[in-house]
Each structure stands twice: as structure tokens, then as C-alpha cells.
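Notes to accompany the following structure.
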Amino acid sequence: MHEYTSTARVWGLTCPGSPEEISRARRWTRDILNGSPLADDAELIVSELSTNAVLHTASGLETGSFHLALAVSAQVIALSVTDDGGTGTAPKVEHRDQEAEHGRGLGMVSALAHRVVVHDRQGGYTVTAELFTDTRPGGHPC
């Protein structure tokens, strides 16, 4: 494969915004990434991002939903969760003490992922976490 091209496989899943759907999102991620050394990290990231969407946005309302996208190439696994909005503020890493029960999820995602990007979309946000499948010293993809 040429270094400037890749063949990425992309999957998508839309879930109703109920807390029970978070386990479905984790299972879906685990099934797709079965055998990958990054499967556990990816599953935890999807769990945290899906939980944030359900608990902190309109996705958790009776008619709400959240959408997952998973893209896998030879270089990167990209996990995205799109919420229904309704918060007025973008998701951000909050620095909480170790005793806090809430507010550390996006910080954990940032610690696991090589890059986290928040995209503003009409009425909501998409948070994408990227896990590089192979890195050089300094965290740069090969």
C-alpha cells in the first residue's frame, strides 16, 4: 500500500439514547475490533463518549439518540460519537480530583487516545478519538 493512501473500513451505528444502549455500543466496538491490541482501549473510549452523550446532552431524552462511527485503517482506529446537542457548550476535559464521581471521562479518553478532536455540528457535537496502530518515538504514526 502506498504511504499516502489507505483502505479504511468504516462502520456506523445509531442507538437510542438510553443508558442500556451504552453496553450495546461497547459490544459493537469489541466485536468489530476482535483481536486488535487496541480493542480494550477502544471499548473504554466508546463507553465514555457514549455515556457523556446520554448523560449530558439531548441524546439522553426520550426521543434522543447518539451515533457511533468506527473507522479502521492500517494506521489508525478512529472512534466518533455524535450527540443530539442541547448543552450550548462543547465537551472539554475537566481537571477533577481523584475523589470526584463525575467529570473525568473525557480526560480519560484524552489519556488513552493519541488525539481527540471535538467538532461542532448543527445543534450538537462529534467527539473523535484516534488510536494510532503503530507509532514512532514521540507519538507520531509510522
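Nothing here was measured: the structure is a model prediction, and the numbers come from that model. All values below were derived from every heavy atom in this structure, side-chain atoms included, with hydrogens, water molecules and symmetry-related copies excluded.
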Give, for atom CZ of Arg27 and atom CD1 of Ile22, the distance between the pair rounded to the nearest 0.5 Å.
12.5 Å

Can you confirm whether Arg24 sits close enough to Pro16 that some side-chain heavy atom of one is under 4.5 Å from a side-chain heavy atom of the other?
yes

Cluster overlap Leu61 with Val81, hydrophobic side-chain contacts below 4.5 Å
no

Taking side chain as C-beta onward, heavy atoms only, is Ser50 less than 4.5 Å from Glu21?
no

Do you know the tightest heavy-atom contact between Ile77 and Leu33?
CD1-CD2, 4.0 Å

Flag the pair Val46 / Leu68 as yes when at least one side-chain heavy-atom distance between them is below 4.5 Å, and no otherwise.
yes

Intermediate values then yes/no, side-chain contact (heavy atoms from CB on, under 4.5 Å), Leu70 and Val10:
CA-CA 6 Å; Leu70 174 57; Val10 180; over 6 Å; no

Hydrophobic cluster membership, with links at side-chain heavy-atom distances under 4.5 Å among I/L/V/M/F/W/Y: are Trp11 and Leu131 in one?
yes

Would you find a donor on one side and an acceptor on the other, under 3.5 Å apart, between the side chain of His67 and the backbone of Leu13?
yes

Does the side chain of Val54 reach to within under 4.5 Å of the side chain of Ser18, using non-hydrogen atoms?
no

Residue pairs passing the side chain to side chain donor-acceptor pair (under 3.5 Å) test where at least one lies in residues 29-46, sequence neighbours excluded
Arg30-Glu43

Close side-chain approach of Val116 to Thr128, heavy-atom, < 4.5 Å
no

Contact between Val127 and Thr82 at the side-chain level, heavy atoms closer than 4.5 Å - yes or no?
no

Is there a donor-acceptor pair under 3.5 Å between the side chain of Thr133 and the backbone N or O of Gln75?
yes

Linking I/L/V/M/F/W/Y whenever their side-chain heavy atoms sit closer than 4.5 Å, directly or via other members, would Leu112 and Val118 fall into one cluster?
yes

Looking only at heavy atoms, the pair that brings Ile45 and Ala129 closest together is CG2-CB, 3.7 Å

With a 4.5 Å cut-off on side-chain heavy atoms, are Thr126 and Asp120 touching?
no

Checking the side chain of Ser23 only, and the main-chain atoms of Glu20 only, is there a donor and an acceptor separated by less than 3.5 Å?
yes

The criterion is side-chain contact (heavy atoms from CB on, under 4.5 Å); which residues satisfy it with Ser59, sequence neighbours excluded?
Ala53, Thr57, Phe66, Asp83, Asp84

Where the side chain of His114 meets the backbone of Phe132, is there a donor-acceptor pair that is under 3.5 Å apart?
yes

Please determine whether side-chain contact (heavy atoms from CB on, under 4.5 Å) holds for the pair Val109 and Leu44, giving the CA-CA distance in whole Å, both sets of side-chain angles, and the decisive distance to 0.1 Å.
CA-CA 8 Å; Val109 169; Leu44 181 57; over 6 Å; no

